[in-house]
Amino acid sequence: MQSLPRVYPLTDVQLSGLSHAEQVRRLSLGGASLIQLREKRMPALEFYEQAKAAQQSGVRLIINDRVDIALAVGAAGVHLGQNDLSPAAARKLLGPQAIIGYSTHNVEQAINAIQHPIDYLAIGPIFSTPTKTDTAPVLGLEGLRAVRRAIGKFPLVAIGGITAANAREVIEAGADSVAVISALLSTSDRITPLTQSLFQLCQT
Ligand code: TZP
Ligand code: MG
């Protein structure tokens, strides 16, 4: 995989009030080059159509949970949780070039994750967040530092409650990239400038 961009936005149709494709368009205009489509409610056909349309923006798309949709639209990869299809099974289906991300919530899971055929791991929630309700306990920056120490140089994405106010310290605590939902999508007419300024803040 090419190295992770500093900012890794996820889409949310409820929060933004926009289709996945329109969110991707606005995020990519702000500089995003790797975007995860996260959809928990939509019928498969509608999600498939929106993911296909989102491909027009020319960015690398990662599909949350759905290996079938990723395959069908020719996405760059998938992002899997602890209870989704295993990374090994997804790798078999998607092949060696696909980007596979894997969610973890503590040091033990992170150490285990790097034994799987994945390209990056995500750790979270770093801070409390209203965006996902079934989250594990928050790790804080100390928890993030502990994960970084445990996994060496393995590509690491931090997620959960990350905003313009704390993104910089999240990077400094060891994340290669910050995954962000509400900080970019809550005001739908500001997605592009907010993305631009988050990239600037996270420059090292
Ligand atoms: N996984 C852990 S926290 C979270 C996910 C999908 C939600 C992150 O959303 P926000 O709005 O950036 O806190
Ligand atoms: Mg999942």
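Residue numbers count from 1 along this sequence. Hydrogens, waters and symmetry mates play no part in the numbers below; they use all other heavy atoms, side chains included. Counting starts at 1 for both ligands and their atoms, following the listed order.
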- For atom NZ of K40, decide whether the heavy atoms of other residues, nucleotides or ligands shown that lie under 6.0 angstrom number more than 12. yes
- Are the side chain of T104 and the backbone of A122 linked by a donor-acceptor contact shorter than 3.5 Å? yes
- Query: T129 to ligand 1: N or O pair under 3.5 Å?
  - Reply: yes
- Query: More than 12 foreign heavy atoms under 6.0 Å from CD of Q14: is that the case here?
  - Reply: yes
- Query: Can you tell me if S182 has a non-hydrogen atom under 4.0 Å from ligand 1?
  - Reply: yes
- Query: Of all heavy-atom pairs between L144 and V170, which one has the smallest distance, and what is that distance?
  - Reply: CD2-O, 3.5 Å
- Item | Numbered atoms of ligand 1 (with element) below 4.0 Å of V180, judged on heavy atoms | 12 (O)
- Is I181 touching ligand 1 with its side chain, its backbone, both, or neither, if touching means heavy atoms under 4.0 Å apart? both
- Does any N or O atom in T131 lie less than 3.5 angstrom from one in ligand 1, N or O only? yes
- So, R26 versus S188: side-chain donor-acceptor pair below 3.5 Å or not? no
- Can you tell me the protein heavy atom closest to atom 3 (S) of ligand 1 and the distance? G160 CA, 3.7 Å
- Is it true that R148 and D176 make a salt bridge, defined as a side-chain N closer than 4.0 Å to a carboxylate O? yes
- Task: Quick one: which residue pairs count as a side chain to side chain donor-acceptor pair (under 3.5 Å) with a foot in residues 111-123, not counting sequence neighbours?
- Result: Y8-Y120, H79-Y120, R91-D119, N112-H116
- Item | N or O contact, L10 vs ligand 1, cut-off under 3.5 Å | no
- Task: Report yes or no: does Q23 contribute a side-chain atom to a donor-acceptor pair with the main-chain N or O of S16 at less than 3.5 Å?
- Result: no
- Item | Same cluster (ILVMFWY, side-chain, under 4.5 Å), I151 and L4 | no
- Item | Total protein N, O or S atoms, the Mg ion (ligand 2), separation less than 2.8 Å | 2
- Query: Which residue and non-hydrogen atom of the protein lie closest to atom 5 (C) of ligand 1, and at what distance in Å?
  - Reply: K132 CD, 3.4 Å
- Message: Within the 4.0 Å heavy-atom shell around R38, which atoms of ligand 1 are there?
- Response: 6 (C)
- Query: Just which atoms of ligand 1 are under 4.0 Å from any heavy atom in I159?
  - Reply: 1 (N), 2 (C), 4 (C), 5 (C), 6 (C), 8 (C)
- Message: If the contact criterion is a heavy-atom separation under 4.0 Å, does G161 count as touching ligand 1?
- Response: yes
- Hey, are the side chains of H20 and M42 touching, using non-hydrogen atoms and a 4.5 Å cut-off? yes
- Query: Are more than 12 heavy atoms from other residues, nucleotides or ligands located less than 6.0 Å from atom CG of N83?
  - Reply: no
